[in-house]
Undergrad: 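The structure is given below, and queries will be raised subsequently.
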Amino acid sequence: MHGPAGWWPAETRFEILIGAVLTQNTAWSNVEKALAGLRECGWLAPETILDAPEAELAAAIRPSGYFNIKARRLRNLCRWFLEAGGFPALERLDTGSLREALLSVNGVGRETADDILVYAFERPVFVVDAYTWRIFERLGLIAERAGYEALRAGVEAAAPGADADFFNELHALLVIHGNRLCRPKPLCGACTLRDTCPAAS
DNA sequence: ACCCAGGGTCATA
DNA sequence: TATGACCATGGG
């Protein structure tokens, strides 16, 4: 009914890693502006980002907020990515090892790591974010604030055999419909079902 | 003027 | 382990 969401919005695979950092506690509309700034400078690949002066890098991503910190985090991530051998080498790691490697980067926390695992490496991982807590608590699916790992592993265990596409869509829909600024379009008034209402599709 | 947005690190207790 | 301060922009 609501999908497919078609995540992650990016032109290249590495751009997903960049977007995952830029969107930390930030509206995606602002991330798009920052990505456009990077695109203008030709700074969407790890080599070119590392080659850029950090102050200018920060200026390019200014609209995404926290630009000084995020400029440093992007450089940390790029340095790690190249030193690790890029996608060909990283793809050979099992999901647990790859997750640990991502978490070793200063600026990459659990949610950012899991974003990258699902959307750039197509691993079956459940991403827990603020919307997940809000929605799961509201639905009574969790009694109190369990830890991040407990909820992630719990949902993954509850969906045995689910592939990366499943977790891709699940997280995307939780974000899209958990967003207070993204209310569903109202029905036309004559209709009672969204499926059949021409105004709300 | 305020609240919110696809978090994470660091210092402190 | 668990809080709190800090980072900072743009739209509703």
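In what follows, chains carry the letters A, B, and so on, assigned in the order in which the sequence lines appear, proteins first and then strands, with residues in each chain numbered from 1. In this text the structure is predicted, and so the values were computed from the model without any measurement.
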Undergrad: Rounding to a whole Å, what distance do you find between A/Lys70:NZ and C/dC7:C1'?
TA: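 In whole Å, C/dC7 C1' and A/Lys70 NZ are 9 Å from each other.
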Undergrad: Just checking A/Val128: base, sugar-phosphate only, or nothing, at a heavy-atom cut-off of under 4.0 Å?
TA: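 Nothing, no nucleic acid heavy atom in range.
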Undergrad: To the nearest angstrom, how far is A/Asn30 atom CG from C/dG12 atom C1'?
TA: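 My rounded result for the distance is 12 Å.
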Undergrad: Would A/Arg39 and A/Glu15 pass as an ion pair if we require N to O under 4.0 Å?
TA: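 Yes.
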Undergrad: Quantified in whole Å, what is the P atom distance between nucleotide C/dA5 and nucleotide B/dC3?
TA: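 It works out to 16 Å between them.
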Undergrad: I need the CD1-C1' distance between A/Ile61 and C/dA8, as an integer number of Å.
TA: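 Roughly 11 Å, once rounded to whole Å.
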Undergrad: If the threshold is 4.0 Å, N to carboxylate O, is there a salt bridge linking A/Arg123 and A/Asp114?
TA: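 Salt bridge: no.
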Undergrad: Ignoring hydrogens and geometry, is there a side-chain-to-backbone donor-acceptor pair from A/Asp115 to A/Val127 under 3.5 Å?
TA: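 Between the backbone of A/Val127 and the side chain of A/Asp115 there is no qualifying donor-acceptor contact (under 3.5 Å).
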Undergrad: Measure from CZ on A/Arg73 to P on C/dC6 and round the result to the nearest Å.
TA: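 Rounded to the whole Å, the gap is 16 Å.
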Undergrad: Once you round it to whole Å, what is the distance between C1' of B/dC4 and CH2 of A/Trp133?
TA: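 The answer, rounded to whole Å, is 20 Å.
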Undergrad: Whole-Å distance between C/dC7 C1' and A/Gln24 CD?
TA: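 From A/Gln24 CD to C/dC7 C1': 11 Å.
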Undergrad: For a quick test of reading the model: is some side-chain N or O of A/Asn25 closer than 4.0 Å to OP1 or OP2 of C/dC6?
TA: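 For C/dC6, OP1/OP2 do not have a side-chain N/O of A/Asn25 under 4.0 Å.
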Undergrad: Given that both distances must come in under 3.5 Å, which nucleotide forms a Watson-Crick or G-U wobble pair with C/dG11?
TA: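 Its partner is B/dC3 (Watson-Crick or G-U wobble, both distances under 3.5 Å).
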Undergrad: Where each residue is assigned the nucleotide of DNA chain B containing its nearest heavy atom, which of A/Asn106 and A/Trp28 is assigned the position nearer the 5′ end?
TA: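 Result: A/Trp28.
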Undergrad: Would you say C/dG10 has OP1 or OP2 under 4.0 Å from some side-chain N or O of A/Ser64?
TA: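 Looking at the OP1 and OP2 atoms of C/dG10, neither is under 4.0 Å from any side-chain N or O of A/Ser64.
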Undergrad: Within the pair A/Asn68 and C/dA8, is there a side-chain N or O less than 4.0 Å away from OP1 or OP2?
TA: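 Result: yes.
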Undergrad: Could you state the OH-C1' distance from A/Tyr66 to C/dG10, rounded to the nearest angstrom?
TA: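 For the pair A/Tyr66 OH and C/dG10 C1', the rounded distance is 12 Å.
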Undergrad: For nucleotides B/dG8 and C/dG10, find the distance between their P atoms and express it as a whole number of Å.
TA: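 That atom pair is separated by 22 Å.
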Undergrad: If you compare every side-chain N and O of A/Arg134 against the phosphate oxygens of B/dA5 (OP1, OP2), does one of them come in below 4.0 Å?
TA: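 For B/dA5, OP1/OP2 do have a side-chain N/O of A/Arg134 under 4.0 Å.
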Undergrad: Can you tell me the distance, in whole Å, between the CZ atom of A/Phe67 and the P atom of C/dA8?
TA: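 Spelled out: CZ on A/Phe67 to P on C/dA8 is 6 Å.
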Undergrad: Need one value for A/Val127: base, sugar-phosphate or nothing, where a base atom within 4.0 Å counts as base even if backbone is also close, heavy atoms only.
TA: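 Since no nucleic acid heavy atom lies under 4.0 Å of A/Val127, the category is nothing.
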Undergrad: Among C/dA8, B/dA5, B/dG7, which nucleotide has an atom closest to any side-chain atom of A/Ala27?
TA: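 Per side-chain heavy atoms of A/Ala27, the pick is B/dA5.
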Undergrad: Is there a donor in the side chain of A/Asn76 and an acceptor in the side chain of A/Arg73, or the other way round, less than 3.5 Å apart?
TA: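 Side chains of A/Asn76 and A/Arg73: no pair found under 3.5 Å.
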Undergrad: Does any non-hydrogen side-chain atom of A/Ile18 lie less than 4.5 Å from one of A/Ile49?
TA: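 Side-chain contact under 4.5 Å: yes.
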Undergrad: What contact category does A/Lys33 fall into here, base, sugar-phosphate, or nothing, at under 4.0 angstrom with non-hydrogen atoms?
TA: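 Since only primed, P, OP1 and OP2 atoms lie under 4.0 Å of A/Lys33, the category is sugar-phosphate.
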